[in-house]
Amino acid sequence: MGKVKGLLFVLLTLLFVTSCATDKKANVKEEFDSATIANEGLKFFGEKRGIYIGTAITEGQLNDEKFVEIVKKNCNYITPENEFKWENIHPSRKVYNFKKTDKLVAFAKENNMKIRGHTLVWHSQNPYWIAKPGTTAEELKETMKVHISNVMTYYKGQVNDWDVVNEAIADNGELRESIWQLIIGDEYIEHAFKCAYEADPNAKLYINDYNIEDINPKSNKLYEIVKNLVAKKVPIHGVGFQFHLDGRWEPDYVSIRANFERFKKLGLDIQITELDVRLPKNYSEVDLNRQAKIYGELMKIMLEVKGSAFIMWGMTDKYSWVPSFFSGFGGALIFDEQYNPKPAYMKLKEVLVKSK
Ligand code: 9MR
């Protein structure tokens, strides 16, 4: 009798396991039908997976209907490429220019998109009036505070994510000698975050940089700075990893994942903020496939570490900073200059569809 019972138990278990497996298979198959996969853009699948899909955009590009169509279909997050930068939004001490940022904020609102304030404190694109020979640390701290306070207050409740400090670390892994660092000292970073929190306690505050993607001297320095800020309870919520990559080779995915994990362990959000993968201008199919793999692997890592946003530095190769900064390079984005989706677009969709 015992034997029969035992056999019955084994049989029933087997039946249960097999039926679950079949159910699971059926579920996977049914999650999206082929029409959905073909017709929906990246943001649809991003929403299902809990990650924002974003692009850099300029106010001028809002006039390009075709481009706007691509953005609306694929993105639920935008980063104005230059409009929030100090020289544009606050060109002289008493003058703020919110015209272009207002248009982009309105566009984001109309289309249910998040929008990033890029950026409050940076070494580049600053107007000359900010500092002159003899400007003291206290004066410059006040200038920074007034700027942060006015810009963030103006957009309170409309712009939630801010790159409070951008590119604070030099390529040699030391703090960059910007006007902020030279006049105020290293504590300018802490000051900036405190001012931002004071201006809008509900905003999400990020430190953003390039070449900090994997574990290297620059990301080690950033880690040290951020760990210190967290220990001192300075209000910082996340790290923006820019990811301006050279697509002739693949990055070290293992190191990128480990790097993300260590920042996550500090309790911080992870975002990819400016991804592009540049190729030699006369790129081949092999290059395009490698580029697609890079985009796809990065998306996989972001989904694994539960990063909150995957933002690309543009959507189409027609509008990209790459050709003017890297001579002989281009093709860095997921749509070509004629707005055709490239293998990288397909790969991102595939990863988002499959990674349940
Ligand atoms: O894409 C931006 C380009 O249009 C500007 O001329 C340039 C000026 O510095 O900034 C570019 O964006 C940068 C971003 O603000 C910060 N990270 C690096 C980006 C590419 O240079």
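All values derive from a computational prediction rather than experimental measurement.
Looking only at side-chain heavy atoms (C-beta outward), Ile70 and Asn74 come within less than 4.5 Å of each other. At a threshold of 4.5 Å between non-hydrogen side-chain atoms, the residues Pro251 and Ile294 count as touching. Here the side chains of His118 and Glu274 are in contact, with some heavy-atom distance below 4.5 Å. Met299 is listed as a side-chain neighbour of Ile53, based on a closest heavy-atom distance under 4.5 Å. Side-chain atoms of Asn76 and Asn112, non-hydrogen and from C-beta on, never get closer than 4.5 Å to each other. Two residues are said to be in side-chain contact when any heavy atoms from C-beta on lie closer than 4.5 Å; Thr101 and Asn88 fail this criterion. Proximity of Leu298 to Ile256: side-chain heavy atoms (C-beta onward) are separated by under 4.5 Å at one or more points. Side-chain contact between Leu120 and Trp162 is present, with at least one heavy-atom pair separated by less than 4.5 Å.
At distances below 3.5 Å, at least one donor-acceptor pair connects side-chain atoms of Lys73 with backbone N or O atoms of Asn39.
A distance of 11.5 Å separates CG in Asn220 from CD1 in Ile212, rounded to the nearest 0.5 Å. To the nearest 0.5 angstrom, Ile37 atom CD1 is 11.5 Å from Leu352 atom CG. Rounded to the nearest 0.5 angstrom, Phe241 CZ and Leu275 CG are separated by 13.5 Å. The structure places CE of Met144 at 9.0 Å from CD1 of Ile130, a figure rounded to the nearest 0.5 Å. Considering CG of Asp163 and CZ of Phe84, their distance stands at 11.0 Å, rounded to 0.5 Å.
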Going through the distances and angles, do Leu42 and Lys349 end up as a side-chain contact (heavy atoms from CB on, under 4.5 Å)? CA-CA 6 Å; Leu42 299 180; Lys349 195 185 263 194; 3.9 Å; yes

Residue pair Thr273, Arg116: steps toward the side-chain hydrogen bond (donor to acceptor under 3.5 Å, both in side chains) verdict: CA-CA 10 Å; Thr273 50; Arg116 185 182 204 82; 5.4 Å; no

Which is it for Ile225 and Leu229 under the side-chain contact (heavy atoms from CB on, under 4.5 Å) test, yes or no, and what are the steps along the way? CA-CA 6 Å; Ile225 290 171; Leu229 293 175; 4.2 Å; yes

Trace of the side-chain contact (heavy atoms from CB on, under 4.5 Å) decision for Leu205 with Ile236: CA-CA 5 Å; Leu205 310 177; Ile236 175 168; 5.5 Å; no

Pair Glu350, Lys347 - check salt bridge (charged side-chain N to carboxylate O under 4.0 Å, His left out), show working. CA-CA 5 Å; Glu350 182 192 313; Lys347 183 54 90 180; 3.5 Å; yes

Please tabulate, for the side chains in residues 302-313, all donor-acceptor contacts under 3.5 angstrom to protein atoms that are two or more places apart in sequence or on a different chain.
| unit_1 | atom_1 | unit_2 | atom_2 | d |
| --- | --- | --- | --- | --- |
| Glu304 | OE1 | Arg257 | NE | 2.7 |
| Glu304 | OE1 | Arg257 | NH2 | 3.2 |
| Ser308 | OG | Asp269 | OD1 | 3.2 |
| Ser308 | OG | Asp269 | OD2 | 2.5 |
| Ser308 | OG | Gln271 | NE2 | 2.9 |

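For residues 332-356, every residue pair satisfying the ring-ring contact (aromatic ring centres under 6.0 Å, His included) rule, not counting sequence neighbours, is listed here: Phe335-Tyr345. Applying the ring-ring contact (aromatic ring centres under 6.0 Å, His included) rule to pairs touching residues 192-233 yields Tyr223-Phe263, sequence neighbours excluded. Pairs engaging residues 34-50 under the salt bridge (charged side-chain N to carboxylate O under 4.0 Å, His left out) rule: Glu31-Arg49 [sequence neighbours left out].
Salt bridge Lys194/Glu190: present, at least one basic N to carboxylate O contact under 4.0 Å. Asp246 and Arg248 are joined by a salt bridge, as a carboxylate oxygen and a charged side-chain nitrogen come within less than 4.0 angstrom of each other. Contact check on Arg290 versus Asp287 returns a salt bridge, with a Lys/Arg side-chain nitrogen under 4.0 Å from an Asp/Glu carboxylate oxygen. Under the 4.0 Å criterion applied to side-chain N and carboxylate O atoms, Glu224 and Lys227 are not assigned as salt-bridge partners.
Looking only at atom types and distance, the side chain of Asn166 has a donor-acceptor partner in the side chain of Asn208 under 3.5 Å away. In this model, no donor atom of one side chain and acceptor atom of the other lie less than 3.5 Å apart for Glu87 and Asn126. In the model, Lys85 has a side-chain atom that pairs as donor or acceptor with a side-chain atom of Asn82 under 3.5 Å. A donor atom on one side chain and an acceptor atom on the other are not found under 3.5 Å apart for Asp200 and Tyr155. Under 3.5 Å, the side chains of Arg278 and Ser320 contain no donor-acceptor pair of N or O atoms. In the model, Gln242 has no side-chain atom that pairs as donor or acceptor with a side-chain atom of Glu213 under 3.5 Å. Side-chain atoms of Trp321 and Asp276 form a donor-acceptor pair, as typed in the model, at a separation below 3.5 Å. Tyr77 and Asp161 form a side-chain donor-acceptor contact under 3.5 Å, judged by distance and modelled atom types alone.
Heavy atoms of other residues, nucleotides or ligands lying less than 6.0 angstrom from OH of Tyr319 number more than 12. Atom NZ of Lys109 sits in a sparse spot, with 12 or fewer heavy atoms from other residues, nucleotides or ligands closer than 6.0 Å. The neighbour count for Lys281 NZ, taken as heavy atoms of other residues, nucleotides or ligands under 6.0 Å away, is above 12.
In this structure, Ala199 and Ser149 approach most closely via the heavy-atom pair CB-CA, 3.9 Å. Between Glu297 and Lys300, the shortest heavy-atom contact is OE2-NZ, 3.0 Å. The two residues Val226 and Ile207 make their nearest non-hydrogen contact at CG2-CG2, 3.9 Å. Between Val68 and Leu62 the shortest heavy-atom distance is CG2-O, 3.5 Å. The two residues Met315 and Leu333 come nearest to each other via the heavy atoms O-CB, 3.6 Å. Of all non-hydrogen atoms in Ala108 and Ile115, the two that sit nearest each other are CB-CB, 3.9 Å.
In this structure, Trp180 has its ring center no closer than 6.0 Å to that of His191. Aromatic ring centroids of Tyr154 and Tyr96 lie 6.0 Å or more apart.
Linking Ile, Leu, Val, Met, Phe, Trp and Tyr whenever their side-chain heavy atoms come within less than 4.5 Å puts Phe107 and Phe67 in one cluster. One hydrophobic cluster, built from ILVMFWY side chains closer than 4.5 Å, cannot hold both Tyr52 and Val353; they sit in different ones. Cluster annotation: Ile189 is connected to Val146 through the hydrophobic network of ILVMFWY side chains, with a link wherever side-chain heavy atoms come within less than 4.5 Å. No continuous path of ILVMFWY side-chain contacts below 4.5 Å connects Phe326 to Leu245, so the two sit in separate hydrophobic clusters.
Because its NZ or CZ atom is not both nearer than 6.0 Å to the ring centre of Tyr188 and within 45° of the ring axis, Lys141 does not count as a cation-pi partner of that residue.
The ring pair (Phe, Tyr, Trp, His ring centres under 6.0 Å) search around His147 returns Trp86, His90, not counting sequence neighbours.
Residue Leu279 is found in a hydrophobic cluster whose other members, listed by chain and number, are Tyr283, Leu288; membership requires side-chain heavy atoms under 4.5 Å apart, directly or through intermediates.
Across Thr316, Asp317, Asp336, a single residue satisfies side chain to side chain donor-acceptor pair (under 3.5 Å) together with Lys342, and that is Asp317.
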